[in-house]
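Following: one structure in structure tokens, then a few remarks.
Order of the sequence lines sets the chain letters (A, B, ...), proteins ahead of strands, with each chain counted from 1. Below, all heavy atoms of this structure are taken into account, side chains as well, without hydrogens, waters or symmetry copies.
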There are 4 protein chains.
Amino acid sequence: MDVTITTGTGATDQDRKTPGRPRSARADEAIIEATLDLLASGTPVEALSIEAVAARAGVGKATIYRRWANKEQLIVDAVASIKGEAPAIVGTSVRDDLIALLRPIGQMRKNRFGMIMPCLLGELRRNPELARSYSKLTEPRRELLREVIRRGISTGELRADLDVEVAAAMLTAPLILQGMIAGNPALEGVDLPAKMVDLLLATPAGAAPPPAN
Amino acid sequence: MDVTITTGTGATDQDRKTPGRPRSARADEAIIEATLDLLASGTPVEALSIEAVAARAGVGKATIYRRWANKEQLIVDAVASIKGEAPAIVGTSVRDDLIALLRPIGQMRKNRFGMIMPCLLGELRRNPELARSYSKLTEPRRELLREVIRRGISTGELRADLDVEVAAAMLTAPLILQGMIAGNPALEGVDLPAKMVDLLLATPAGAAPPPAN
Amino acid sequence: MDVTITTGTGATDQDRKTPGRPRSARADEAIIEATLDLLASGTPVEALSIEAVAARAGVGKATIYRRWANKEQLIVDAVASIKGEAPAIVGTSVRDDLIALLRPIGQMRKNRFGMIMPCLLGELRRNPELARSYSKLTEPRRELLREVIRRGISTGELRADLDVEVAAAMLTAPLILQGMIAGNPALEGVDLPAKMVDLLLATPAGAAPPPAN
Amino acid sequence: MDVTITTGTGATDQDRKTPGRPRSARADEAIIEATLDLLASGTPVEALSIEAVAARAGVGKATIYRRWANKEQLIVDAVASIKGEAPAIVGTSVRDDLIALLRPIGQMRKNRFGMIMPCLLGELRRNPELARSYSKLTEPRRELLREVIRRGISTGELRADLDVEVAAAMLTAPLILQGMIAGNPALEGVDLPAKMVDLLLATPAGAAPPPAN
DNA sequence: CGTTAATCGAGACGGTACGTCCTGTCTTCGG
DNA sequence: CCGAAGACAGGACGTACCGTCTCGATTAACG
């Protein structure tokens, strides 16, 4: 077994042209599109069948299996393809920047990304490689967050004893949990991002602004 | 079709005894036991088949379907039945209590509860009733945590501007995410519970105690 | 008809008083009636389920199993209970008597007995005891037929070289086959009983009557 | 849902080749063979399960359901496939020919065809199309018989007032009944074919040949 | 410019599991 | 003890997908 499953990116390292008919790009698109369609239209991820994807894409099942080794990888690729939305832009105060960065996480529930992700968690748990590939996907946003935190520390806006990674986790995890999973009804009406950021400020919010700068 | 699926709680509405042979308690146990056995022995939740549970429990499939409408509810009931371990006990300082309370959450990864839960998230997301029943399961521990936080605020150990719910979320969510899902490699060696608790102390850990205030 | 439905346990006809509550005759009737109802209303014999009979009779399944060892015996008893119609009466000439005796056999197709019997053939084939009990059921009619044939031979109306059993078989079998099973379309409009009897007359029908008598 | 179940004849309406992988002829054979094996090895027809056929044939259940809409049609096709043995050949006297033609019918009891057929009668009764297809199967033998009878009438060996169809029915029906169903014990040792044929001879067997007539 | 070889759609293949139904047995209750 | 109700273990039903395979028909680039 020495199959080459190109999985999307398909960086054909070398110039060695494969003989025979090349793979149809239209099929790729149609498959991804069909997958997202089905997921968005309510199909639970675990109940998504390759058969249905093939039918909706107007494609033979083998055409899918030729590209993706299994259902999960297809779904991950499909999800990755929608993840391309631009992240938030940076503004004036560190507090505002953090809040702007965090807010969309809490609203995942409402978009199709939030509908799909929780169902992948089980698979992510079992398949570390997949988890890594997913984490690479979200890395840019996380890096952005870390940078803002670092800036906050250096400007004195945030507590000096902050560990950047720990702070990032404390800020994002509650939102992710709230966004993906059922969440705590006691937090329903609360402006969670602001409240959390305030807890990490060097000076309690509402108090005098940080000494200088 | 007017089936009664009793699912565990078995609230005998009234004293009216149901006619016919009563359901066997041994079957109940055998089914739950078989389910946990299979899950603990590596079967991915989504791949757990009623057929296999029935076979291992030495029970007809109908006996399972008579009690649980679907696989997910069976799994939730099964999981609920193992969750009964007593939570941590309270000690001396608020900081130590919090850490003692949080530490086991981060170690879920290693026990079978941590193996099972992530796979249920998708189902929890779609099925609010199920989510509620699950949340009732974890409520005692959450309440304990909230109490300790409240105590910390009143003694002045924790920041006065803490929202109890927000603080609880910030402390638990990172651990849950780290425990259930792959998590951040940058946090691998870190004593997350301690680091997080320290960030919510009124006075940075190691510094002088709060100035009366 | 003196049906003793005890089929199996049998021997209720003694004075030995059984202790406890006696079996309800209403249940017996209801079960038989329900069985015939279901069969007559199109249910294929092989698809008749004890469950359905019990439900329609308003009786527990165990009540049926207590009386009949299995489905086939229940059906046979049920069929036996409708078989009690009086056989034909004997008249003037042997030819007319035979025809009168044979005609109803050909019309079985139209009554519910004809609907039910063919489905029992398979069972009769495998279960000789059952076959014997069925044959006992039809014996009176067959004996009547043999008697008429014997009379015909002695009066000279029928061929002298007739074997009574063989003649009876030749007269009844085509009608049974035609009545129970699909039958030959070429025989659809034909007055089969008359034609067959004529072939066994000593003198061809329409020719001069037998010499003496 | 617009499935085509080809069931044997497979009249390819047009030359238009169906796309996709063609159906495997080996599977066809294996299924039929397994069906006959099971039936011949004692399985009552009504108890024959598709599951068992599939298992013995080494075939998926779907492969069977793709070809036959239900169990009965599968069985009929299976039976049809064994019925192909050449019928008897014609000889010298009409009497001998008839007897040679009839004898195998009475011996059906002993071969697997005789084991299987009675169980199909119920189905034949309910399903006229099926009955027709079965009757087509036996037609060649019946036609042969009719021909011999016609020859017997024209040569004067058989009674002149015979109706061919009626005579055929009288000769075959008793044998079929005796062969398929339990039958009359009084006929057990009798050479039924010979006895019956003799009754239709113009001159009683052993007597002088017909007087020219 | 015809080979050659991998692609395409379609759909059959051997399987597994589904959730329903029925079997024949058992276990309870109330009469 | 009977009758009803209904749970029990078992097993077949017919369906839906799985992941693989085999078709005839396209496509390119290579020779």
Side-chain angles (χ1 to χ4, degrees), chain A residues 17-24 26-27 47-55 57-71, chain B residues 1 4 17-24 26-27 30 47-55 57-67 69-71, chain C residues 18-24 26-27 30 47-52 54-55 57-71, chain D residues 1 3-4 17-24 26-27 30 47-55 57-67 69-71:
Chain A
K17 270 295 184 63
T18 51
R21 176 175 175 176
R23 291 191 181 162
S24 142
R26 287 188 59 249
L48 182 116
S49 75
I50 294 283
E51 204 117 31
V53 172
V59 143
K61 279 197 293 175
T63 303
I64 298 181
Y65 283 114
R66 211 172 283 125
R67 289 147 208 258
W68 289 277
N70 52 56
K71 207 192 306 188
Chain B
M1 271 301 157
T4 14
K17 271 295 184 66
T18 53
R21 177 175 175 175
R23 293 194 181 160
S24 143
R26 289 189 56 246
L48 182 117
S49 75
I50 295 283
E51 208 122 36
V53 172
V59 142
K61 278 197 292 176
T63 302
I64 299 182
Y65 284 114
R66 211 173 282 126
R67 289 146 207 261
N70 52 57
K71 207 189 307 188
Chain C
T18 48
R21 177 173 172 180
R23 290 189 180 168
S24 139
R26 288 189 56 249
L48 182 115
S49 74
I50 294 284
E51 201 116 33
V59 144
K61 279 197 296 174
T63 303
I64 299 181
Y65 283 115
R66 210 173 283 128
R67 289 146 205 255
W68 290 275
N70 52 56
K71 207 192 308 187
Chain D
M1 270 306 156
V3 198
T4 14
K17 269 294 183 69
T18 54
R21 178 174 174 175
R23 292 195 181 159
S24 142
R26 288 189 57 244
L48 182 115
S49 75
I50 295 283
E51 207 123 37
V53 172
V59 142
K61 278 197 292 175
T63 302
I64 299 182
Y65 284 115
R66 212 173 281 125
R67 289 146 208 259
N70 52 58
K71 207 188 306 186

Margin query: OP1 or OP2 of F/dA7 versus the side-chain N and O atoms of B/R26: is any pair under 4.0 Å?
Written below: no
Check: For B/K61, what residues pass the side chain to side chain donor-acceptor pair (under 3.5 Å) criterion, not counting sequence neighbours?
Finding: B/E51
Item checked: Heavy-atom closest contact (C/A57 atom, C/A30 atom, distance) -> CB-O, 3.5 Å
Margin query: Starting the side chain at C-beta, find the nucleotide from F/dG6, E/dA6, F/dT20 nearest to D/R21.
Written below: F/dT20
Note to self: Pick the closest DNA chain F nucleotide for D/G20 and for B/G20 by heavy atoms, then say which residue is nearer the 5' end.
What the structure shows: B/G20
Atom pairs under 3.5 Å: protein N/O with N/O of nucleotides 14-17 of chain E:
| unit_1 | atom_1 | unit_2 | atom_2 | d |
| --- | --- | --- | --- | --- |
| E/dG14 | OP2 | D/T63 | OG1 | 2.8 |

Item checked: C/G60 to C/A54 - nearest heavy-atom pair and separation -> C-CB, 4.2 Å
Notebook entry, point to check: If every non-hydrogen atom of A/A27 is compared with every non-hydrogen atom of A/T63, which pair is closest and at what distance?
Noted result: CB-CG2, 4.2 Å
Checklist line | Between P of F/dT20 and CG of A/N70, the distance in whole Å | finding: 10 Å
Checklist line | Atom-to-atom span, OH of D/Y65 to P of F/dT15 - whole angstrom | finding: 7 Å
Checklist line | Atom-pair distance (CD1 on C/I64; C1' on F/dG3), nearest Å | finding: 12 Å
